[in-house]
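Taking it in order: structure first as structure tokens, then the write-up.
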Number of protein chains: 4
Amino acid sequence: MDGTKQRRRGDTRQRIQDVALELFAEQGYEKTSLREIAERLGVTKAALYYHFKTKEEILVSIFEDLTRPVEELVEWARQQPRTLETKHEILRRYSEALSAAAPLFRFMQENQATIRELSIGDMFKNRLMGLRDILLDPEAELVDQVRSVSALFTLHAGMHVLQDVEGDPGDKRKAVLEVATDLITQAHRGAQGS
Amino acid sequence: MDGTKQRRRGDTRQRIQDVALELFAEQGYEKTSLREIAERLGVTKAALYYHFKTKEEILVSIFEDLTRPVEELVEWARQQPRTLETKHEILRRYSEALSAAAPLFRFMQENQATIRELSIGDMFKNRLMGLRDILLDPEAELVDQVRSVSALFTLHAGMHVLQDVEGDPGDKRKAVLEVATDLITQAHRGAQGS
Amino acid sequence: MDGTKQRRRGDTRQRIQDVALELFAEQGYEKTSLREIAERLGVTKAALYYHFKTKEEILVSIFEDLTRPVEELVEWARQQPRTLETKHEILRRYSEALSAAAPLFRFMQENQATIRELSIGDMFKNRLMGLRDILLDPEAELVDQVRSVSALFTLHAGMHVLQDVEGDPGDKRKAVLEVATDLITQAHRGAQGS
Amino acid sequence: MDGTKQRRRGDTRQRIQDVALELFAEQGYEKTSLREIAERLGVTKAALYYHFKTKEEILVSIFEDLTRPVEELVEWARQQPRTLETKHEILRRYSEALSAAAPLFRFMQENQATIRELSIGDMFKNRLMGLRDILLDPEAELVDQVRSVSALFTLHAGMHVLQDVEGDPGDKRKAVLEVATDLITQAHRGAQGS
DNA sequence: AATGAATGAGAATTCATTCAT
DNA sequence: CATGAATGAATTCTCATTCAT
């Protein structure tokens, strides 16, 4: 009595986003056609255009919905003092945000070339650079700057690459966060000490 | 004595690879059309097909030519004892290989989704996993495993992301390598100590 | 009351089939390009793809629509007793079916090589073999088997080859049918007598 | 000592024709590309152009070489009295000519649409019509005209269609010829009697 | 007697997008 | 809220043919 019919009605927009993200993540943005999305949803291509003005807009809308937490994190971070505690907190929260929207971030990671040409390219880059600039002390030694960046990267790539390593996902995330925290700590100490 | 005129005649194949890589890296594989490559070379599309059977084959040939050093590295590495020195040496050589074929690796990094569907996807993955499996001790704590993987990643991503950070490229590479070495060292010690 | 204006809107699919068959019959399947079909219809190539998934599908759809009578004939024939009357009736009906879809059969006759590689090749062959196996007694003398086959062939080829012979088409068809009937009768008598 | 090397030297032209006919018969004229022919011969496409001016010329040359007997038959036939004996002799000889160059005739049969546009289309048609006009009495009843044509057709199609019928090829050919002879005899008698 | 390198024309197919209904 | 029908532009790829060497 609720299987397949009830869950329509007004949520088409949402369903488009879901299916689109799924396909984008699976095959890439360019290789995913609107026909495919429409077919999988059981609607016509034209229906997609009722909800979104362009293919790109579908992606943008997904991006905006799913990265709001990151946006807020960046905003929050900007106003914090650049203490080690702040940095730890940033990593902790970022790690959470990443895993909450894992498919999207996996997609972004794997489609950088495509994204660069799209409007979300800049948005994403800005957010990332925002974080980087807060974590990183431009006065610090190069090695320590690399450590900061590496911390961010470890977070980013960690989950995708560790997928075929044994172990519970929660544990892995914890381990990844620990390494990132370690790196940022070293970087911070280095910067202070110099 | 060989500046601009001699080269032509017989080097078309090479020139196609060069231009293709340039465009692939710039715009992504899918967004680069054979028309574009041909135009930039001043030949017809059909000429490309004289030298390569498909678009994919162009990419494959570039990949094969440029990643031979990595292939050799992996082979060499497999036969070494898993000492810390070996690991350092691997990172050192890998860093070199990466920067020797930087545009290709940048391309691979930014087009993962595309590459996954292509035949080089597996080749590349295998090579990477080969390295990973040599650097990483499956008995070690998860954190240390993450450190090993992170070392590899730092190398990989380091250069691309640090592009807009101040500093001489050589220095940056050295810094990146240092951080990677650090990570692998910690991972190694952890594994020994446990 | 329906001459030239009403038809449009909704009959595009049909019009594509008509024009396609006309051109296929005139120039052969391979030499007829989708551009040509589209142009003659005053639509774009893409419009054809809205109605049919591939070029081959256009042909298949024509074939299926136009050979349904033959299919039914075969089915009917399978359930009849193998009497001489049955055989005569088969030839009579087949002759009718052939001339009702003459352009298609002319096309099939003249494009056997092409058709063999296409999916309709088998369908057609099966239908034909079905008829043949009903008309032909495998126990009969070779000559009589040849007569049976020849009856079928006379029907098939008769019309096309007699096109430049004088005489009214109806009369010709009758003559062709008579010869075919004659052949099958001889074959049947032979088989009985032996 | 003679396997693969000796049988070169000057016979390339012949080998091209052989391979071409084989492929034409197998896949049709249009679907057979010069690349394919060249590859199977182990030479380059350009080599084909040394021996033949165009693709069509390859076919024409095969046709001319292989249908000379038919040409001669037609010429001979034209000068004979239109007796029943003559007609029998024509069928006998034609049957022989057909089976001597079976692959070519199979090809012609299966590629009529293609051939019609080619220069050999007319040549072939003329030859056939030549035979037909000798066998057929334009004054005769339509049925008898059909019988004459049918005799020719039985010869033509007989072999190809009987391929999956049991029995020795020689026997089949004899049977086919017998039926054709029968048909022409009836036609002849009818014409005389009327 | 043949090759290597290339071309120009054209093929089938796919895609994002539009719009009247 | 959505569909049916269509378009224009592009894409990958194939083919017969040419010509300098």
Side-chain angles (χ1 to χ4, degrees), chain A residues 8-13 16 29-38 41-58, chain B residues 8-13 16 29-38 41-58, chain C residues 8-13 16 29-38 41-58, chain D residues 8-13 16 29-38 41-58:
Chain A
R8 306 264 142 126
R9 189 100 318 191
D11 61 346
T12 304
R13 192 188 146 91
I16 293 173
Y29 177 77
E30 333 252 10
K31 294 258 276 189
T32 302
S33 70
L34 294 186
R35 180 178 52 66
E36 232 174 329
I37 298 176
L41 276 166
V43 298
T44 55
K45 272 183 292 171
L48 305 184
Y49 279 91
Y50 178 80
H51 294 282
F52 300 96
K53 268 211 290 287
T54 64
K55 184 186 181 185
E56 188 174 347
E57 225 208 61
I58 300 180
Chain B
R8 284 294 124 105
R9 191 109 289 123
D11 62 346
T12 305
R13 195 189 144 91
I16 293 173
Y29 177 76
E30 333 251 3
K31 295 260 278 187
T32 303
S33 72
L34 296 184
R35 181 183 49 70
E36 229 174 332
I37 298 176
L41 275 166
V43 297
T44 56
K45 276 176 288 165
L48 305 185
Y49 280 94
Y50 176 75
H51 293 282
F52 300 94
K53 267 209 290 286
T54 63
K55 185 185 179 185
E56 187 174 346
E57 226 208 59
I58 299 182
Chain C
R8 286 294 127 103
R9 191 112 287 120
D11 63 346
T12 304
R13 194 189 145 92
I16 292 172
Y29 177 76
E30 332 251 3
K31 295 260 278 186
T32 302
S33 72
L34 296 185
R35 181 182 51 69
E36 230 173 331
I37 299 176
L41 275 166
V43 298
T44 56
K45 274 177 290 165
L48 305 185
Y49 280 93
Y50 176 74
H51 294 281
F52 301 94
K53 268 209 288 286
T54 62
K55 184 184 180 186
E56 187 175 348
E57 226 208 57
I58 299 181
Chain D
R8 306 262 141 130
R9 188 103 317 199
D11 61 346
T12 303
R13 192 189 148 91
I16 293 174
Y29 177 75
E30 333 252 11
K31 293 258 278 188
T32 301
S33 70
L34 295 186
R35 181 179 50 68
E36 232 174 329
I37 298 176
L41 276 165
V43 298
T44 56
K45 272 182 293 170
L48 306 184
Y49 279 91
Y50 178 81
H51 294 280
F52 300 95
K53 266 212 290 287
T54 64
K55 183 185 180 185
E56 188 174 347
E57 225 207 62
I58 299 181

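Side-chain atoms are counted along with the backbone in the values below, which use heavy atoms only and exclude waters and symmetry mates.
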Indicate the atoms forming the closest heavy-atom contact of C:Tyr49 with C:Thr54, along with that distance.
-> CE2-CA, 4.1 Å
Any idea which heavy atoms bring B:Glu36 and B:Lys31 closest together, and the distance?
-> OE1-O, 3.6 Å
What is the distance from atom [atom1] of [X] to atom [atom2] of [Y], rounded to the nearest 0.5 Å?
X: A:Lys45; Y: A:Ser33; atom1: NZ; atom2: OG; answer: 8.0 Å
X: C:Leu48; Y: C:Arg35; atom1: CG; atom2: CZ; answer: 12.0 Å
X: C:Thr44; Y: C:Leu34; atom1: OG1; atom2: CG; answer: 11.5 Å
X: B:Leu41; Y: B:Ile16; atom1: CG; atom2: CD1; answer: 6.0 Å

Shortest side-chain distance from C:His51, nucleotide among E:dA2, F:dA6, F:dT3 |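 Given the options E:dA2, F:dA6, F:dT3, the side chain of C:His51 is closest to F:dA6.
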Does A:Thr12 have a side-chain nitrogen or oxygen under 4.0 Å from the phosphate oxygens OP1 or OP2 of F:dA2?
-> yes
Check for a donor-acceptor pair, side chain of A:Lys55 on one end and backbone N or O of A:Thr32 on the other, with a separation under 3.5 Å.
-> yes
Letter per nucleotide, 5' to 3', of nucleotides 14-21 of chain E [B base touched, S only sugar-phosphate touched, - untouched; heavy atoms, 4.0 Å] = BBBBBB--
Starting at atom CG of C:Leu48, determine the distance to atom P of F:dG8, rounded to an integer number of angstrom.
->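 To the nearest whole Å, that distance equals 14 Å.
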Rounded distance (Å) that lies between atom P of E:dA1 and atom CZ of D:Phe52 =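 Nearest whole value for this atom pair: 13 Å.
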Taking Watson-Crick and G-U wobble contacts under 3.5 angstrom, with | marking pairs to another strand and [ ] crossing pairs, the secondary structure of DNA chain E is written .||||||||||||||||||||
Partner residues of B:Lys53 under the side-chain contact (heavy atoms from CB on, under 4.5 Å) criterion, sequence neighbours left out | B:Glu57
D:Tyr50 vs B:Tyr50, nearer the 5' end of DNA chain E by closest nucleotide |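 First, find each residue's nearest nucleotide; the 5'-ward one identifies D:Tyr50.
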